[in-house]
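Structure, as structure tokens:
Letters A, B, ... mirror the listed sequences (proteins, then strands); counts begin at 1.
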Amino acid sequence: MTKLKSDFLNILTERGFIHQCSDIEALDGQAAAGKLVAYVGYDCTAPSLHVGSLISIMMLAWLQKTGGKPIVLMGGGTTRVGDPSGKDETRQLRTVEEIDANKDGMKQVFSRFLQFGSGKTDAIMVDNAEWLASLYYIDFLRDVGRHFSVNRMLTMDSAKMRLEREQELSFIEFNYMLLQAYDFVELARRHSCNLQMGGSDQWGNIVTGIDLGRRMGVKEQLLALTCPLLTTASGAKMGKTASGAVWLNEAQLSGYDYWQYWRNTEDADVARFLKLFTMLPMGEVAKLAALQGADINEAKKVLATEATALIHGRENADAAAETAKKTFEQGALAADLPTIEIDRTELDAGLGVLAAFVKAGLVATNSEARRQIQGGGLKVNDAGVTSDKAALSMKDATASGVIKLSLGKKKHVLLKPV
RNA sequence: GGAGAGGUGCCCGAGUGGUUAAAGGGGACGGACUGUAAAUCCGUUGGCUAUGCCUACGCUGGUUCGAAACCAGCCCUCUCCA
């Protein structure tokens, strides 16, 4: 490969974002000339984005930093159909109301990463429901459908997988590919968009869009760029924690928990994640990546704080780091751990430990609390709970007026009498 | 429409009249070891006012002292044929 001349591709390459590209030289040229307008499409299947989408958001952010124009495409229309890629079962169809609500939830994250507006490199957000919802079937078949070969569609991974496993692929899902391809053409026409980015599982859909553009007379060359699908070094899918997915919205996952997610990164992933999920200069990354053994924890803290700062703001990130430091390193009681208020009269009456832990949300049921006690997993004010008959009262409140409940070593909640 | 196979706990999957709150695995949680890591090892993995009670093997009835298991009807999935 010849030397890349654009900042955009140099950065993406050295930080490990690139999996596949349809025409790297053409892309490099467009980027260097400041003519890149790129989009990433997001399904509206959940009320918030999660870390799985983060890598493509970072690509959009770098694009803007290096002089390109990012387009965030909300899949308000395509989500009504459902993408079969990478799923071996038909997804449940979502209602239109649900999709709209999800869309609103997802929007807030993007403003953290991208500058929106009407300037040349300002990001814009569009919803493909705009053009998909009002399509006429016959017209669509004539204008778009005739460019698609069913023979070839059947050989694409998303369809092939279903066929090989003899699992149903409904006609509605089979159409997803056409719609996504058409999105690309529509964006090219409306916004001079010339690049689509996405996870490597989107490759098939993206190049189909390029092909369609050519057949439908889009003058400009359309390009594809995909990033690797992320797993942790030990092979697990990214973005799952104890309490579910790692959401990007504060409402779904607090800044503190988000910080903790990154703090618990496996050693082997630290360097890779620093490059992908922070904007630290490469020199800095190299320095941190060189740390060995227990010292690598310092790198994890930087990773956690930098990654958290990107979406929750620097202040929240520092606060999370501080809370963690107090809780884990000094064993002190940090005031801004998650706090649950509790009625003082309830405490005076003697609140059973089981009920207290359930109330705090650390366990789901009394039985689970009992089991955790048996396994030595519950602590009140850092002292192990030995009996399920124990009760809490005002006497258990510490100097700062709260009772600290812990599940295992990492999860803590403060009970605050009011 | 016809013929066959199947629907079991978070998931996969055994069980084909009683000792079954249901083997085994995965996942998850807790413990030990560590560095808030990974790997490894150990434990737990339906609920409750708890030596008992309630709910649970697609749904509804039935047979039986006793059913996830046997019978009937229904619903759903898959395969083959039309």
Please measure how far the [atom1] atom in [N] lies from the corresponding atom in [M], and state the result in whole Å.
N	M	atom1	value
B/G30	B/A23	C1'	24 Å
B/C10	B/C29	C1'	13 Å
B/C12	B/C78	P	15 Å
B/G9	B/U20	C1'	13 Å
B/A28	B/U60	P	34 Å
B/G4	B/C54	P	41 Å
B/G6	B/A14	P	11 Å
B/U64	B/G27	P	47 Å

Open item on the list: How close do A/Cys21 and A/Trp203 get, counting heavy atoms only, and between which atoms?
Closed with: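 Distance-wise, the nearest heavy atoms are C-CH2, 3.7 Å.
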Nearest whole Å is fine: how far is [N] [atom2] from [X] [atom1]?
X	N	atom1	atom2	result
A/Phe273	B/A38	CZ	C1'	13 Å
A/Lys379	B/C29	NZ	P	16 Å
A/His412	B/G30	NE2	P	11 Å
A/Asp267	B/U34	CG	P	16 Å
A/Asp269	B/U36	CG	P	18 Å
A/Leu362	B/C29	CG	P	13 Å
A/Ile296	B/G35	CD1	P	14 Å
A/Arg370	B/U45	CZ	P	14 Å

Using a heavy-atom cut-off of 4.0 Å across all strands, would you classify [X] as base, sugar-phosphate, or nothing?
X	result
A/Trp262	nothing
A/Thr365	sugar-phosphate
A/Arg371	sugar-phosphate
A/Leu378	nothing
A/Ala324	base
A/Gln260	base
A/Thr327	nothing

A side-chain contact here means heavy atoms from C-beta on lying under 4.5 Å apart; do [X] and [Y] qualify?
X	Y	answer
A/Asn102	A/Tyr42	no
A/Thr208	A/Phe148	yes
A/Leu222	A/Ile206	no
A/Leu337	A/Val413	no

Pair assignment for [N], Watson-Crick or G-U wobble, requiring both distances under 3.5 Å:
N	result
B/U44	B/A28
B/U36	none
B/G61	B/C71
B/G1	B/C81

Selection from [options] that lies nearest to any side-chain heavy atom of [X]:
X	options	result
A/Asn264	B/C48, B/A37, B/G30	B/A37
A/Ser367	B/C29, B/A37, B/G47	B/G47
A/Trp259	B/A38, B/A50, B/U36	B/U36

Task: A/Asp211 and A/Arg214 ion-paired at < 4.0 Å - done: yes
Open item on the list: Looking only at side-chain N and O atoms, does A/Asp183 offer a donor or acceptor that is under 3.5 Å from a partner on A/Trp131?
Closed with: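 Result is yes, a qualifying pair exists.
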Open item on the list: Between A/Gly377 and A/Phe328, which residue's closest nucleotide on RNA chain B lies nearer the 5′ terminus?
Closed with: A/Gly377
Open item on the list: Return whichever of A/Ala321 or A/Gly408 has its heavy-atom-nearest nucleotide of RNA chain B closer to the 5' end.
Closed with: A/Gly408
Open item on the list: Between the base of B/G35 and the side chain of A/Asp295, is one N or O donor paired with an acceptor at under 3.5 angstrom?
Closed with: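 No, no donor-acceptor pair under 3.5 Å.
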Task: Polar pair under 3.5 Å, donor/acceptor by atom type, side chain A/Lys325, base B/U36 - done: no
Would you please confirm or rule out a distance under 4.0 Å between OP1 or OP2 of [N] and any side-chain N or O of [X]?
X	N	value
A/Lys411	B/G30	yes
A/Lys410	B/A37	yes
A/Asn297	B/U34	no

Identify all side-chain donor-acceptor contacts of residues 366-376 of chain A below 3.5 Å with residues at least two apart in sequence or on another chain.
| from | atom 1 | to | atom 2 | distance (Å) |
| --- | --- | --- | --- | --- |
| A/Glu368 | OE1 | A/Ala364 | N | 3.1 |
| A/Arg370 | NE | A/Asp388 | OD2 | 3.1 |

